[in-house]
Amino acid sequence: MNERIICLDIGDARIGVAASDETRLIASPIDTIYRVGWGPDVKKVAEICEKYQTTEVLAGWPLNMDGTAGFQSEKVRKFCEQLEKAGLTVYYQDERLTTVTATNALIEGNMHRAERKHNVDKVAAAVILQQWLDTNRNAAKNNEQQEEKKMEENIIELIDDETGDTVQFELLAGIEYEGKQYIALTEAEETDEESCEVFIMEVATEADGSESYIQVEDEAVQEAVFSKFLKMMEEAEDDE
């Protein structure tokens, strides 16, 4: 699946264009569009998107230094509305100081002033895109780490009385019933949600304050707690 995204640094006279690689790790400057009118400009952007096999566009959002949107932001928004009408999906990224960053990079590369003027917009687009790629990648990594941490916190290890082996269970829910606490568990390695078996256990508090889990022998209690667990799951689905 192609995951490229095109980035635009939209100015009144020129539009700098950059593109990501398919893994969305690296942004590269690719073109500068010299503006002639909304229709031809939108058509050119659409052609570039078609070339790179994507419908996703990131637009630099020219906010004021205090973070507010101004006249230039409104012009960018209106142009992006035309891109959306052409079937493209548009995202926005704060572009404050990116032109300065791009210009400094070109100066450090010993590029002559005339060349800098031709290249600065597409380099600025690459700076904007790289910031967006890095931010989204870091956010995705943090979310993944949080999910892993959440999974670890939901894992309970119990000893199989027959074999003495340690078995990992995923904690599904805590349930209160007639003044006692119960938990619903399923084996952590079970991947088929449709057929996974749910175990109900009573939570007992030891003298030292630690918790232990006791198999529920009373079938009536087990069925009542399980029914309450199913109702909790249904209510949770309805809230989503």
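We're numbering straight along the sequence, starting at 1. Just so it is clear, the model here is predicted, and its values are computed rather than measured.
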**Q** Could you pull out the closest heavy-atom pair between I10 and R35, with the gap in Å?
**A**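 The pair with the smallest heavy-atom distance is CG2-NH1, 3.6 Å.
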**Q** Heavy atoms, side chains only, cut-off 4.5 Å: are L8 and L83 in contact?
**A**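 The answer is yes; the side chains approach within 4.5 Å.
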**Q** Are the side chains of K228 and E176 in contact, using a 4.5 Å heavy-atom criterion?
**A**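 Result yes, sub-4.5 Å side-chain heavy-atom pair found.
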**Q** At their closest point, which heavy atom of A184 faces which heavy atom of I200, and how far apart are they?
**A**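 That closest heavy-atom pairing would be CB-CD1, 3.9 Å.
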**Q** Do L171 and L185 touch side chain to side chain, with heavy atoms closer than 4.5 Å?
**A**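 Heavy-atom side-chain distance check passes, below 4.5 Å.
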**Q** Could you check E202 against K180 for side-chain contact (heavy atoms from CB on, under 4.5 Å), going step by step and ending with a plain yes or no?
**A** CA-CA 8 Å; E202 181 182 346; K180 293 184 178 181; 3.6 Å; yes
**Q** Is Y213 close to V203 at the side-chain level, that is, under 4.5 Å between some pair of heavy atoms?
**A**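 Yes. Closest side-chain heavy atoms under 4.5 Å.
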**Q** So Q215 and Q222, side-chain contact (heavy atoms from CB on, under 4.5 Å) or not? Walk me through it.
**A** CA-CA 9 Å; Q215 186 72 42; Q222 191 174 79; 3.9 Å; yes
**Q** Applying ring pair (Phe, Tyr, Trp, His ring centres under 6.0 Å) between W61 and each of Y92, W132, F79, report the one that passes.
**A**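 Among Y92, W132, F79, the one meeting ring pair (Phe, Tyr, Trp, His ring centres under 6.0 Å) with W61 is Y92.
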**Q** Please list, chain by chain and in numerical order, all residues satisfying side-chain contact (heavy atoms from CB on, under 4.5 Å) with A46, sequence neighbours excluded.
**A**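 Not a single residue meets the side-chain contact (heavy atoms from CB on, under 4.5 Å) criterion with A46.
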**Q** Would you say CD of E47 has more than 12 non-hydrogen atoms from neighbouring residues, nucleotides or ligands within 6.0 angstrom?
**A**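 For E47, atom CD is crowded (more than 12 foreign heavy atoms under 6.0 Å).
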**Q** Taking NZ, NE, NH1 and NH2 as the nitrogens, is one of them in R77 or E74 under 4.0 Å from a carboxylate oxygen of the other?
**A**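 A salt bridge is present here (some side-chain N lies under 4.0 Å from a carboxylate O).
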**Q** Take D12 and Q72, measure what side-chain contact (heavy atoms from CB on, under 4.5 Å) needs, and give me the verdict at the end.
**A** CA-CA 9 Å; D12 291 331; Q72 194 64 30; 3.4 Å; yes
**Q** If you compare all heavy atoms of P62 against all heavy atoms of S73, which two are closest, and at what distance to 0.1 Å?
**A**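 Minimum heavy-atom separation between P62 and S73: O-OG, 2.7 Å.
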**Q** Identify which one of I48, D121, I33, D9 satisfies the side chain to side chain contact (heavy atoms under 4.5 Å, CB included) criterion when paired with I15.
**A**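 Looking at I48, D121, I33, D9, the match for I15 under the side chain to side chain contact (heavy atoms under 4.5 Å, CB included) is I33.
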**Q** Is T55 reaching over with its side chain to a backbone N or O of L88, donor-acceptor style, under 3.5 angstrom?
**A**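 Looks like no, no N/O pair under 3.5 Å.
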**Q** For side-chain contact (heavy atoms from CB on, under 4.5 Å), just list the numbers for T32 and Y34, CA-CA rounded to whole Å, side-chain angles, deciding distance to a tenth of an Å, and then say yes or no.
**A** CA-CA 6 Å; T32 299; Y34 289 86; 3.9 Å; yes
**Q** Stepwise, does the salt bridge (charged side-chain N to carboxylate O under 4.0 Å, His left out) test hold for D41 with K44?
**A** CA-CA 5 Å; D41 298 344; K44 180 63 176 177; over 6 Å; no
**Q** Kindly compute the distance separating CG (D21) from CD (E3), expressed to the nearest 0.5 Å.
**A**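 Interatomic distance, D21 CG to E3 CD, rounded to 0.5 Å: 11.0 Å.
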**Q** For the hydrophobic clusters of this structure (ILVMFWY residues joined by side-chain heavy atoms under 4.5 Å, transitively), does one cluster hold both M233 and L172?
**A**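 Yes: a chain of side-chain contacts under 4.5 Å links M233 to L172.
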